[in-house]
Visitor: 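Got a structure here, written out as structure tokens. Questions coming.
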Amino acid sequence: MAFYVVMEPPEGAKNPADEAVFIRDGFAFLGFLIPPFWLLWNKLWIEAAFAVLAALAIAAIGQALGLGLTGQLLSLLVSIYVGLEGQNMRIAALRRKGWREWGALEAASVPDAEVRYLSAADLPDDDAPIETVTITDKRTGPAAPRQPSLGLLQYPGGR
């Protein structure tokens with residue numbers, strides 16, 4: 001199971017529950033393999049530019065120092081960083097746009113996280129009074145309490 005961070009849209013959204021974004025908290029494997037493209041896909045334009053510039057700068061410094069292959073492998077640090085912190089970059093970008101963090105959920109997949117979020121978001125207030133309904137039969141008065149039953153089997157005295 002993974003943890004998902006739930007981000008709700010800024011104030012004024014028609015239905016924040018429908019527009020909520022679920023971001024998996026964990027390693028971004030595609031962010032590790034192809035950092036600039038993953039960042040661009042997630043609309044992190046400035047971060048993508050910095051990732052490309054950092055990788056080029058590290059490779060150039062390694063070349064200037066005569067490190068050869070080691071200098072080129074040091075540019076792999078950018079990939080590791082994006083893989084580890086890519087999801088946090090997405091959360092930070094949404095916060096800059098006015099989105100707010102609702103919380104985190106543990107779920108097996110995004111649809112499961114959506115169900116858990118919607119069920120938690122629809123809960124009534126704890127302070128709200130609980131409405132009770134009494135069913136009455138006009139001929140005999142209030143209905144007798146029902147005995148608990150297990151499927152097709154019923155306890156003695158049950159209906």
Visitor: Please check if Leu67 and Ile58 belong to a single hydrophobic cluster, counting links between Ile, Leu, Val, Met, Phe, Trp and Tyr side chain heavy atoms closer than 4.5 Å.
Guide: yes

Visitor: So, taking the atom named CZ in Arg95 and the one named CG in Asn88, what distance separates them when rounded to the nearest 0.5 Å?
Guide: 8.5 Å

Visitor: Would you name the heavy atoms of Trp38 and Arg90 that are closest together and state the gap between them?
Guide: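 Closest approach of Trp38 to Arg90, heavy atoms only: CH2-CD, 4.0 Å.
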
Visitor: Under a 4.5 Å cut-off applied to non-hydrogen side-chain atoms, are Ile61 and Leu74 in contact?
Guide: no

Visitor: Quick one: do Ile91 and Ile46 end up in the same hydrophobic cluster if we chain Ile, Leu, Val, Met, Phe, Trp and Tyr together by side-chain heavy atoms under 4.5 Å apart?
Guide: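 No, no single cluster joins them.
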
Visitor: If every non-hydrogen atom of Gln87 is compared with every non-hydrogen atom of Gly26, which pair is closest and at what distance?
Guide: CG-O, 3.5 Å

Visitor: Evaluate whether atom CD of Glu106 has more than 12 neighbouring non-hydrogen atoms of other residues, nucleotides or ligands under 6.0 angstrom away.
Guide: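 More than 12 heavy atoms, drawn from other residues, nucleotides or ligands, come within 6.0 Å of this atom.
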
Visitor: Considering all heavy atoms of both residues, which atom of Leu39 and which atom of Ala51 are nearest to each other, and what is their separation?
Guide: CD1-CB, 3.8 Å

Visitor: Under 6.0 Å from the CH2 atom of Trp41, do we count more than 12 heavy atoms belonging to anything else shown?
Guide: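 No.
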
Visitor: How many angstroms lie between atom CG of Leu44 and atom CG of Leu94, to the nearest 0.5 angstrom?
Guide: 8.5 Å

Visitor: Looking at Ala20 and Val6, what are the two nearest heavy atoms and their distance?
Guide: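 Smallest heavy-atom distance, with atoms named: CB-CG1, 4.1 Å.
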
Visitor: Do Glu11 and Arg100 sit within salt-bridge range, that is, some charged N less than 4.0 Å from a carboxylate O?
Guide: yes

Visitor: Determine whether Leu118 and Met7 fall in the same hydrophobic cluster, where Ile, Leu, Val, Met, Phe, Trp and Tyr are linked whenever their side-chain heavy atoms lie under 4.5 Å apart.
Guide: no

Visitor: Do Val52 and Leu77 belong to the same hydrophobic cluster, where Ile, Leu, Val, Met, Phe, Trp and Tyr are linked whenever their side-chain heavy atoms lie under 4.5 Å apart, directly or via other members?
Guide: no

Visitor: What is the minimum heavy-atom distance between Ala107 and Met1, and which atoms define it?
Guide: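 Heavy-atom minimum between the residues: C-SD, 3.6 Å.
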
Visitor: Identify which one of Tyr4, Tyr117, Phe3, Trp102 satisfies the ring pair (Phe, Tyr, Trp, His ring centres under 6.0 Å) criterion when paired with Phe22.
Guide: Tyr117

Visitor: As an exercise, state the distance from CG of Leu30 to CG of Asn42, rounded to the nearest 0.5 Å.
Guide: 9.5 Å

Visitor: Working to the nearest 0.5 Å, report the span between CD of Glu85 and CD1 of Ile80.
Guide: 12.5 Å

Visitor: Identify the heavy atoms of Ala48 and Pro36 that sit nearest to each other, and give their distance.
Guide: CB-O, 3.9 Å

Visitor: Could you label the plane-to-plane angle of the Phe32 and Phe27 rings as parallel, tilted or perpendicular, counting under 30° as parallel and over 60° as perpendicular?
Guide: tilted

